[in-house]
**Student:** 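Sharing a structure below in structure tokens format, with a few things to ask.
Below, all heavy atoms of this structure are taken into account, side chains as well, without hydrogens, waters or symmetry copies. Fair warning: this is a prediction, and the values are worked out from it, not measured in the lab. Numbers for residues simply follow the sequence, beginning at 1.
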Amino acid sequence: MSYERRKVRIGRVVSDKMDKTVIVAYGWSTPHPIYKKAMRRETRFMTHDPENQAKLGDVVRIVESRPISKTKRWKLAEILSSREIAELQPEEIQVDESVASAAATSALDQAEAAESASTTPDAESTSDVDSEEAQG
């Protein structure tokens, strides 16, 4: 197969956990068969990365190739742009307890204020006045 006829895709690396393999997500759109609205689709390609260059979040160009394994049919051509991803896990984030409790308290106060504003005494008093006028 000549290089001119090979398919080329540009996608984003969504997984780099395997050795010499990355998973690249390629987004495309197609019209709905009945309603003709454009629907977004995403195809995930297992891609051969022999030097483990691509990292999570990178935008890469991949090229169709011969079968490398059961599921790998694409090779990494080049990395177009790198994206910095934080390596920090949620349990590693330290939160000051006084700040967290103050934020929770203010959220509860706002919720209570919203509830009390929805049940105003003015609405009840006007209905009482209307019923008195109907009687008298």
Side-chain angles (χ1 to χ4, degrees):
M1 180 183 276
S2 67
Y3 282 104
E4 299 87 37
R5 294 186 181 187
R6 291 188 182 189
K7 295 176 186 170
V8 177
R9 303 281 187 257
I10 295 175
R12 180 179 36 90
V13 176
V14 294
S15 175
D16 62 349
K17 295 181 180 180
M18 294 173 275
D19 186 32
K20 298 183 181 180
T21 303
V22 293
I23 297 178
V24 176
Y26 170 69
W28 52 283
S29 64
T30 183
H32 189 276
I34 296 173
Y35 303 113
K36 308 302 181 204
K37 179 182 177 182
M39 297 186 311
R40 291 184 185 166
R41 301 288 185 189
E42 184 177 82
T43 304
R44 294 164 53 107
F45 296 109
M46 294 191 71
T47 306
H48 186 62
D49 180 15
E51 286 122 29
N52 291 322
Q53 297 173 342
K55 300 295 176 206
L56 187 67
D58 291 354
V59 176
V60 296
R61 177 178 291 130
I62 58 176
V63 179
E64 188 179 34
S65 70
R66 65 176 179 81
I68 297 165
S69 70
K70 179 181 174 182
T71 55
K72 280 201 291 189
R73 306 291 194 264
W74 297 81
K75 284 185 180 180
L76 180 70
E78 66 177 310
I79 299 173
L80 299 175
S81 67
S82 295
R83 192 174 107 190
E84 293 294 325
I85 302 271
E87 295 289 330
L88 193 62
Q89 298 298 321
E91 53 270 358
E92 295 174 359
I93 299 173
Q94 296 178 355
V95 178
D96 186 16
E97 294 300 323
S98 62
V99 173
S101 63
T105 305
S106 66
L108 288 173
D109 292 340
Q110 289 176 352
E112 290 173 3
E115 287 178 16
S116 65
S118 66
T119 56
T120 58
D122 294 337
E124 295 170 4
S125 65
T126 56
S127 64
D128 292 338
V129 171
D130 292 338
S131 63
E132 289 176 8
E133 289 177 3
Q135 291 175 357

**Student:** So do Arg44 and Val14 actually touch side chain to side chain, heavy atoms under 4.5 Å?
**Tutor:** yes
**Student:** Closest approach of Ile10 and Arg61, non-hydrogen atoms and distance?
**Tutor:** CD1-NH2, 4.1 Å
**Student:** Taking the side chain as every heavy atom from C-beta outward, state whether Asp16 and Lys55 have any atom pair closer than 4.5 Å.
**Tutor:** yes
**Student:** Would Ile62 and Val8 count as a side chain to side chain contact (heavy atoms under 4.5 Å, CB included) if you check the C-alpha gap in whole Å, the side-chain angles of each, and the deciding distance to 0.1 Å?
**Tutor:** CA-CA 6 Å; Ile62 58 176; Val8 177; over 6 Å; no
**Student:** Can you give me the closest heavy-atom contact between Thr30 and Arg41, atom names plus distance?
**Tutor:** CG2-CG, 4.2 Å
**Student:** Among the clusters formed by ILVMFWY side chains lying less than 4.5 Å apart, do Phe45 and Val63 turn up in the same one?
**Tutor:** no
**Student:** Val24 versus Val22: any side-chain heavy-atom pair under 4.5 Å?
**Tutor:** yes
**Student:** For a 4.5 angstrom cut-off between non-hydrogen side-chain atoms, does Trp74 reach Glu64?
**Tutor:** yes
**Student:** Where do Ala54 and Val60 come nearest, in terms of heavy atoms and distance?
**Tutor:** CB-CG1, 4.4 Å
**Student:** Under 3.5 Å, is there a donor-acceptor pair between the Lys72 and Thr21 side chains?
**Tutor:** yes
**Student:** Would you say that Lys17 contacts Leu56 through its side chain, given a criterion of any heavy-atom pair below 4.5 Å between the two side chains?
**Tutor:** no
**Student:** Would Thr47 and Ile23 satisfy side chain to side chain contact (heavy atoms under 4.5 Å, CB included), going step by step from the backbone distance to the final call?
**Tutor:** CA-CA 6 Å; Thr47 306; Ile23 297 178; over 6 Å; no
**Student:** Can a donor-acceptor pair be found between the side chains of Trp28 and Thr43 at a distance below 3.5 Å?
**Tutor:** yes
**Student:** For the residue pair Ser65 and Ile68, what are the closest heavy atoms and their distance?
**Tutor:** OG-CD1, 3.7 Å
**Student:** Less than 3.5 Å apart, any donor N or O on the side chain of His32 or Lys37 sitting next to an acceptor on the other?
**Tutor:** no
**Student:** Which pair of heavy atoms, one from Lys36 and one from Pro33, lies closest together, and at what distance?
**Tutor:** NZ-O, 2.9 Å
**Student:** Out of Glu51, His48, Gln53, Lys20, which residue meets the side chain to side chain contact (heavy atoms under 4.5 Å, CB included) rule with Leu76?
**Tutor:** Gln53
**Student:** Any heavy-atom pair between the side chains of Met46 and Lys70 that's under 4.5 Å?
**Tutor:** no
